[in-house]
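I have placed the structure first, in the form of structure tokens, so that the comments after it can refer back to it.
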Amino acid sequence: MTTRLSRWPAWLDIIQGGTGLFLVLFMWVHMFFVSSILLGKDAMYAVSRLFEGEPVFGEPYPILVSLFAIFILAIIVLHAVVAVRKIPSSHREYSRMNRHLGSFKHSD
């Protein structure tokens, strides 16, 4: 009789990788748009109005930026919760990790 292994760890790894990739891409895009200040205050103002939805709705809605910030915070929390499960939770797991790391032929 064979026991069936759980697929949850694999799914959690996929979620962790996906949220990590999303957060990295978000940071790149965020830095790109924040750097619009280098083009002048009018360029930065245009970018801020863009994200407030003015081109789509005809008037700015700053709540859109706040809602997106809440979404990003939720992604950060999800990523942290999924990642924290990999931290050793017992002395035996910690010792096993240290033995494994000690077997690497590397100075780091």
Side-chain angles (χ1 to χ4, degrees):
M1 180 175 174
T2 60
T3 59
R4 185 171 178 195
L5 296 176
S6 175
R7 294 183 179 184
W8 275 107
W11 281 111
L12 292 174
D13 284 345
I14 290 170
I15 291 170
Q16 182 183 354
T19 55
L21 177 64
F22 177 81
L23 290 170
V24 166
L25 294 175
F26 167 75
M27 285 306 300
W28 285 353
V29 171
H30 183 268
M31 289 188 300
F32 175 75
F33 284 117
V34 168
S35 69
S36 68
I37 192 67
L38 299 173
L39 301 174
K41 64 180 182 177
D42 293 333
M44 183 71 165
Y45 184 74
V47 168
S48 66
R49 288 298 187 203
L50 172 75
F51 288 114
E52 290 175 352
E54 187 175 29
V56 175
F57 302 116
E59 62 181 284
Y61 290 100
I63 189 72
L64 294 176
V65 176
S66 299
L67 291 174
F68 190 70
I70 291 169
F71 171 73
I72 293 296
L73 180 62
I75 296 295
I76 291 170
V77 169
L78 175 64
H79 182 73
V81 166
V82 175
V84 80
R85 70 186 171 83
K86 292 187 174 185
I87 295 174
S89 61
S90 69
H91 179 65
R92 183 177 7 171
E93 290 176 359
Y94 184 75
S95 297
R96 188 179 305 150
M97 181 188 73
N98 275 339
R99 267 196 321 274
H100 179 67
L101 291 175
S103 68
F104 295 147
K105 304 290 189 241
H106 198 272
S107 62
D108 287 346

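- Rounding to the nearest 0.5 angstrom, the gap separating the CG atom in Leu73 from the CZ atom in Phe68 is 12.0 Å.
- The ring of Phe33 has its center closer than 6.0 angstrom to the ring center of Phe51.
- Atom CG of Leu12 and atom NZ of Lys86 lie 9.0 Å apart (nearest 0.5 Å).
- Remark: Phe104 pairs with His100 by the ring-ring contact (aromatic ring centres under 6.0 Å, His included) rule, at least two apart or across chains.
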With a 3.5 Å cut-off and sequence neighbours excluded, list the donor-acceptor pairs that the side chains of residues 52-61 form with protein atoms.
from  : atom 1 : to    : atom 2 : distance (Å)
Glu52 : OE1    : Arg49 : NH1    : 2.8

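- Smallest separation of non-hydrogen atoms from Ser6 and Pro9: O-CD, 3.6 Å.
- Tested against Thr19 for a side chain to side chain contact (heavy atoms under 4.5 Å, CB included), the candidates Val77, Leu78, Val24 yield a single pass: Leu78.
- By the rule that hydrophobic residues join a cluster once side-chain heavy atoms approach within less than 4.5 Å of another member, Leu39 and Val34 end up as members of separate clusters.
- Hydrophobic clustering places Phe32 together with Val65 (ILVMFWY residues linked when any side-chain heavy atoms are closer than 4.5 Å, directly or through intermediates).
- Linking Ile, Leu, Val, Met, Phe, Trp and Tyr residues whenever their side-chain heavy atoms come within less than 4.5 Å places Leu21 and Trp28 in a single cluster.
- Note that CE of Met31 and OG of Ser36 are 13.5 Å apart. Values are rounded to the nearest 0.5 Å.
- Cluster membership check: Phe71 does not share its hydrophobic cluster with Leu64, using side-chain heavy-atom separations under 4.5 Å among Ile, Leu, Val, Met, Phe, Trp and Tyr.
- Taken from CD in Gln16 to CZ in Arg85, the straight-line distance is 6.0 Å, to the nearest 0.5 Å.
- In the hydrophobic clustering of this structure, Met27 groups with Ile72; members are Ile, Leu, Val, Met, Phe, Trp, Tyr whose side-chain heavy atoms approach within less than 4.5 Å, directly or through other members.
- Residues in residues 73-98 take part in no ring pair (Phe, Tyr, Trp, His ring centres under 6.0 Å) pair, two or more places apart or across chains.
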Does the side-chain contact (heavy atoms from CB on, under 4.5 Å) test come out yes or no for Ser95 and Arg99, once each step is laid out?
CA-CA 6 Å; Ser95 297; Arg99 267 196 321 274; 4.2 Å; yes
